[in-house]
Amino acid sequence: MDRIHITGGVPLHGTIPVIGAKNAALPLMAASLLTEETLTLSNLPHLVDITTMANLLAQHGVELSMNGALPGGGCDGRVLDLCGRAVANTTAPYDLVCRMRASVLVLGPLVARFGQARVSLPGGCAIGTRPVDLHIKGLEQMGARIELNEGYIEARRSGRLKGAQIIFPQVSVGATENLLMAAVLAEGETILMNAAREPEVCDLAQCLVAMGARIEGIGTDTVRIQGVERLRGARHGVVPDRIEAGTYAVAAAITRGAIELTGTRPELMVATLTCLSECGVRVEPTDKGVRINAVDADIVGTDIMTEPYPGFPTDMQAQVMALMATARGAAMITETIFENRFMHVPELMRMGAQINIHRASSAIVRGVPRLSGAQVMATDLRASVCLVLAGLSAQGDTIVNRVYHLDRGYERLVEKLAACGAHIERIRD
Ligand code: EPZ
């Protein structure tokens with residue numbers, strides 16, 4: 001398994017292009033199942049998870065063709081045509097779903113358009129059990145009959161799905177997305193209450209509108225959908241990845257450097273940028289995105305609590321914890337979304353961080369002047385990148401193992417950081 005070797009202590013200076021959001025691209029690709037026409041997605045990131053979703057859709061019968069990169073060429077964004085005309089298979093097999101939980105996002109579109117679906121239950125993962133009960137209950141409220149057999153969700157409907165009023169007991173990005181895609185072809189009106197408002201959910205809704213869906217309340221916690229008979233194809237650019245951008249913003253902060261993030265939209269990452277400003281980082285909007293300037297900054301500990309959008313994103317918790325580990329003073333970090341998202345803590349502590357976890361959901365981080373490099377192990381996507389960030393600031397050498405986690409969510413991470421002066425290399429084993 002490949003590893004990443006970092007020699008820390010180098011302030012990063014330069015520019016990093018931000019690509020389309022993984023967590024928007026995945027539901028957008030699943031939306032191709034809703035129409036027999038071609039959906040063209042641009043600014044797609046080139047990631048393992050995107051390839052997994054492409055393979056899943058292809059085995060359903062979706063025709064996919066990569067028609068080149070954006071005019072700027074290089075690796076910044078790809079253009080993919082997806083055509084669901086010849087979809088013949090409505091089963092999403094275990095061997096693909098177990099690799100990527102977001103595969104469950106084919107459930108809503110398949111039931112809505114084809115009347116049936118057999119989708120492997122996604123297992124849990126390192127950060128939590130991550131059930132899909134809200135996806136299932138919502139579809140049942142819309143008239144689908146669902147059974148769980150041999151680890152599969154077996155859903156079918158007689159006649160069209162019916163619009164329903166669905167109140168989510170807790171905010172769920174995936175359940176909102178699955179039921180949004182089911183509702184656009186249902187008969188009548190569906191109201192999603194306590195719906196997720198993440199930019200990636202809004203991006204999906206805007207793409208569905210471009211495909212002919214009738215959706216009101218996009219970006220609010222109450223979304224109204226009037227079902228239509230069929231959807232058409234569309235062309236849609238994937239929203240920039242606010243978590244990738246936030247990650248590289250922390251890279252600038254933790255190394256006391258200055259990086260311009262281009263292609264991003266600061267208005268989508270207010271909670272992250274506000275946190276960094278409160279820590280003492282200078283956040284300067286530019287005409288291409290935003291510049292993060294931490295040169296000579298006195299970074300101080302700042303409390304954070306993860307919440308659904310527009311609150312502080314759980315996908316940035318591990319990265320900011322790495323920054324707090326080297327800040328002046330202490331920070332209380334509270335994780336409210338997932339029940340086990342502190343797997344990076346023991347690894348940070350092996351680098352000299354001083355962290356105490358209270359009742360699994362809160363961690364007190366007391367900053368130290370320098371972390372020390374070490375051999376560390378990644379357990380999930382964001383924990384992996386947290387360890388890379390810690391290595392960038394640590395004294396000495398850090399080896400991050402199991403970097404396959406990183407390939408799921410960060411395109412050309414090593415190249416982007418090396419271009420800003422980081423002493424970082426990928427060791428292929
Ligand atoms: C999405 O996961 C993201 N993944 C996650 O990003 C992100 O952390 C999460 O939203 C929260 O923002 C993708 O978009 C592909 P949820 P999702 O449903 O949809 C519970 C990353 O690193 N829940 O909003 O699975 C659940 O257990 C990944 O890029 C139920 O109980 O998250 C969790 O505690 C990690 N029942 C909470 O809700 C359900 O039916 C939020 O989960 C569904 C969810």
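Whatever order the structure lists them in is the order used to number ligands and atoms, beginning at 1. Quick caveat: nothing in here was measured; it's all calculated off a predicted structure. Along the sequence shown, residues are numbered consecutively beginning with 1.
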For [atom], what's the nearest protein heavy atom and its distance?
atom: atom 2 (O) of ligand 1; answer: Arg130 NH2, 3.2 Å
atom: atom 19 (O) of ligand 1; answer: Gly174 N, 2.8 Å
atom: atom 37 (C) of ligand 1; answer: Gln170 NE2, 3.4 Å
atom: atom 36 (N) of ligand 1; answer: Asp133 OD1, 2.7 Å
atom: atom 18 (O) of ligand 1; answer: Ser172 OG, 2.7 Å
atom: atom 41 (C) of ligand 1; answer: Ile337 CG2, 3.7 Å
atom: atom 32 (O) of ligand 1; answer: Phe338 CZ, 4.1 Å
atom: atom 3 (C) of ligand 1; answer: Asn23 ND2, 3.6 Å

Close approach, Pro131 and ligand 1, non-hydrogen under 4.0 angstrom
yes
Does His405 come within less than 4.0 Å of ligand 1, judged by its heavy atoms?
no
side-chain contact (heavy atoms from CB on, under 4.5 Å), paired with Val365, selected from Thr326, Ile355, Leu323
Ile355
Atoms in ligand 1 with a heavy atom of [X] nearer than 4.0 Å:
X: Leu134; result: 36 (N), 39 (C), 40 (O)
X: Arg341; result: 8 (O), 22 (O), 35 (C)
X: His135; result: 40 (O)

Geometry only, no angles: is Glu339 polar-contacting ligand 1 at N/O separations under 3.5 Å?
no
Are [X] and [Y] close enough that a side-chain donor and a side-chain acceptor fall under 3.5 Å?
X: Glu307; Y: Thr336; value: no
X: His344; Y: Gln317; value: yes
X: His5; Y: Glu425; value: yes
X: Thr272; Y: Arg242; value: no

Just go through Asp49, Leu26, Val173 and tell me whose heavy atom is the nearest to atom 10 (O) of ligand 1.
Val173
Once you restrict to heavy atoms under 4.0 Å, what part of [X] touches ligand 1? Side chain, backbone, both or neither.
X: Asp315; value: side chain
X: Lys22; value: side chain
X: Asp380; value: neither

Taking it one step at a time, do Met142 and Lys162 satisfy side-chain contact (heavy atoms from CB on, under 4.5 Å)?
CA-CA 5 Å; Met142 296 176 76; Lys162 303 283 185 294; 5.6 Å; no
Name all residues meeting the side chain to side chain donor-acceptor pair (under 3.5 Å) criterion together with Arg408; count only those two or more places apart in sequence or in a different chain, and write none if there are none.
Asp49
With sequence neighbours excluded, residues passing side chain to side chain donor-acceptor pair (under 3.5 Å) with Arg382
Tyr410
Phe168 vs Leu179, test: side-chain contact (heavy atoms from CB on, under 4.5 Å). Steps then yes/no.
CA-CA 11 Å; Phe168 292 112; Leu179 294 166; 3.6 Å; yes
Looking only at atom types and distance, does a side-chain atom of Asn43 sit under 3.5 Å from a main-chain N or O of Val238, one as donor and one as acceptor?
yes
